[in-house]
Asker: 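My questions will all concern the structure given below.
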Protein chains: 2
Amino acid sequence: MPTDSPPAAPRLQQTNLVEQVADYLTEAIIARHFAPGVRLSEVQLSRDLGVSRAPVREAARLLESRGLLISRPRKGFFVRELNGDDLADVFDLRLCYERHAFELLAVRFDEAAHAQLSQQVETMCELAKGSDDGRKIEADLRFHRLVFDMAGNRRLLKAFDDLSHELRLCMALNERTHAEPGRIAANHWPLIEALASGKAQRCREAVDYHIGVARDYVIQGLGGASGTERPMSGAGATSEEGRC
Amino acid sequence: MPTDSPPAAPRLQQTNLVEQVADYLTEAIIARHFAPGVRLSEVQLSRDLGVSRAPVREAARLLESRGLLISRPRKGFFVRELNGDDLADVFDLRLCYERHAFELLAVRFDEAAHAQLSQQVETMCELAKGSDDGRKIEADLRFHRLVFDMAGNRRLLKAFDDLSHELRLCMALNERTHAEPGRIAANHWPLIEALASGKAQRCREAVDYHIGVARDYVIQGLGGASGTERPMSGAGATSEEGRC
DNA sequence: ACTCTCTGAACTGTCGACAGTCGGTGGTCG
DNA sequence: CGACCACCGACTGTCGACAGTTCAGAGAGT
């Protein structure tokens, strides 16, 4: 059941219905038009979207593999609920990915990569002045995706892309996400400097700090009503300086 | 088109058809009854399995998310082809995962975990005397899955499970996989010792060496007809001692 | 009033069928 | 003899429908 009326539910047409339905569902879930834990009725969705149940089912399978839905046999698909442990897992896995990506990129870092990443941070700083929070988040994720893209491991990039959906879900959990966007954007400069230094240890420390800040930010924003306390591996970061 | 006649294609029945079809396809692909690159006809599969196309399509979507199939719109599903770059990516991603899992487990390693892992290596040594290569590989993967299970991050475990399918595919690429199973099994003792030491650096070195050996083993087994040469991050391992 | 049972509505899992598209084949033209 | 084009078969994408199951609520019994 939608908690809020789902956004417009535009009649989809032609082919590639699966992808269109998946996009619609992804956006609706991240925007929290479907509350966590609620069941998504196949018939209801197919009626609202004006398509049959087959594309809806396939799209739901896709979202399940991305961690946005879970399917219970004979019960249907449910919007994924994230508790404190889930948040910790997501950011711990992200730490795992980013450490590796930065390590890979550090050894092949060149002027072109430097320029590309710097350009992206400039864009983020520019966006920080505006009020479109969605674009700020996307620009932030795009910086990190650039790192994975240039790191050279396609499967690592795909893994990050998959995790990105859950990351957006995590960020949408709290309202504090959008505070101090300027400082958040500037927080990415040390990552570039660490890459430029070419030193693995320095990259690792910068990544650990950066992700740690983002993790604490989201978890604290959740109100601390999370599951078991679990220290993050690597450097802890408890300041309030950034998000991503 | 099947290169070899697909194994029996047992008539599936009742519910949970998607999972059954997915299991059948997974096994058939890893056993190379479907050659890499071939197109899997939905109608042919549904006829052979005695089910309709809907479960076949959903199962194919599932395998696509696991990297065993790729779908091209209006063309159908194709068995994934792995070149040298793919192998390098898979093992590099595995290195990323295992490093993190061992680091997580090292800080919570206790007597129970020690006993469980040791037990598994004993099992592997026992299986090494037999001739069932499939069970050797599964026991090997099970050791590593145990590590991920005990590491405590469920999403990391799921990520490894997903990658496992591609790992099996990689291992099935060459025949040399099954050589010297006794030494391969024994190669896992240093990992346990590193965990017991509780030292992160020692764990990392042990993992890097272990995975490096496995990677070189598979890539050399492919005949070196791979893509661009790419050095593995971390310790290189060029000996011939192990697989997993 | 509370609990258990039964009934029925709604839904999921699965199926067969239709429409549009892609690739190959045969024929025709230059 | 070679290249282009129309036709045809097969397949994918999508749809509506049926069967078995689950869940909620009404009703009977205690």
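Residue numbers begin at 1 in each chain, while the letters A, B, ... track the order of the sequences.
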Asker: Grab the CD-P distance between A/Gln20 and D/dT14 for me, whole Å please.
Answerer: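 It works out to 8 Å between those atoms.
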Asker: Send over the distance from A/Asp48 CG to C/dC11 P, rounded to a whole Å.
Answerer: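 Distance check: A/Asp48 CG to C/dC11 P gives 12 Å.
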Asker: Could you work out, with side chain to side chain donor-acceptor pair (under 3.5 Å) as the rule, every residue matching A/Asp23, not counting sequence neighbours?
Answerer: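 Side chain to side chain donor-acceptor pair (under 3.5 Å) check on A/Asp23 returns nothing, list empty.
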Asker: Measure CZ/B/Arg61 against P/D/dT12 and give the value in whole Å, please.
Answerer: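 It is 12 Å, rounded to the nearest whole Å.
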Asker: Taking CG from A/Asn16 and P from D/dC15, how many angstroms apart are they, rounded to a whole number?
Answerer: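 Taking atom P of D/dC15 as the reference, CG of A/Asn16 is at 13 Å.
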Asker: Mark yes when over 12 heavy atoms from residues, nucleotides or ligands other than B/Glu64 sit less than 6.0 Å from its CD; otherwise mark no.
Answerer: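 Yes.
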Asker: With A/Phe160, which of A/Phe148, A/Phe102, A/Tyr97 fulfils ring-ring contact (aromatic ring centres under 6.0 Å, His included)?
Answerer: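 Single pass found, and it is A/Phe148.
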Asker: Ignoring hydrogens, what is the shortest heavy-atom contact between A/Arg135 and A/Leu127? Give both atom names and the distance.
Answerer: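 The pair with the smallest heavy-atom distance is O-CD1, 3.7 Å.
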Asker: Where the side chain of B/Ser52 is concerned, which of D/dG13, C/dC15, D/dC11 is the nearest nucleotide?
Answerer: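 Between D/dG13, C/dC15, D/dC11, the one nearest the side chain of B/Ser52 would be C/dC15.
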Asker: Check whether NZ of the Lys or CZ of the Arg B/Arg72 lies under 6.0 Å from the centre of the six-membered ring of B/Phe78 and within 45 degrees of that ring's axis.
Answerer: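 Ring-cation test returns yes.
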Asker: Can you sort out the partners of A/Glu166 under side chain to side chain donor-acceptor pair (under 3.5 Å), two or more places apart, ordered by chain and number?
Answerer: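 Result, side chain to side chain donor-acceptor pair (under 3.5 Å) vs A/Glu166: B/Arg155.
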Asker: Identify, between A/Gly76 and A/Ala54, the residue whose nearest nucleotide on DNA chain C lies closer to the 5' end.
Answerer: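 Result: A/Gly76.
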Asker: Give every pair of a protein N or O atom and an N or O atom of nucleotides 18-23 of chain D that lie under 3.5 Å apart, one pair per line with the distance.
Answerer:
from: D/dC23; atom 1: OP1; to: A/Lys75; atom 2: NZ; distance (Å): 3.3

Asker: What is the distance from CZ of A/Arg47 to C1' of C/dT12, rounded to the nearest Å?
Answerer: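 In whole Å, C/dT12 C1' lies 14 Å from A/Arg47 CZ.
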Asker: Take the protein atom CZ of A/Arg57 and the nucleotide atom P of D/dG13, then report the distance between them rounded to whole Å.
Answerer: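 Distance check: A/Arg57 CZ to D/dG13 P gives 17 Å.
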Asker: When the distance from CG of B/Leu40 to C1' of D/dC11 is rounded to whole Å, what number comes out?
Answerer: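 After rounding, the gap between these two atoms is 14 Å.
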Asker: Rounded to the nearest Å, what distance is computed from the CD atom of residue B/Glu42 to the C1' atom of nucleotide C/dT14?
Answerer: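 To the nearest whole Å, that distance equals 15 Å.
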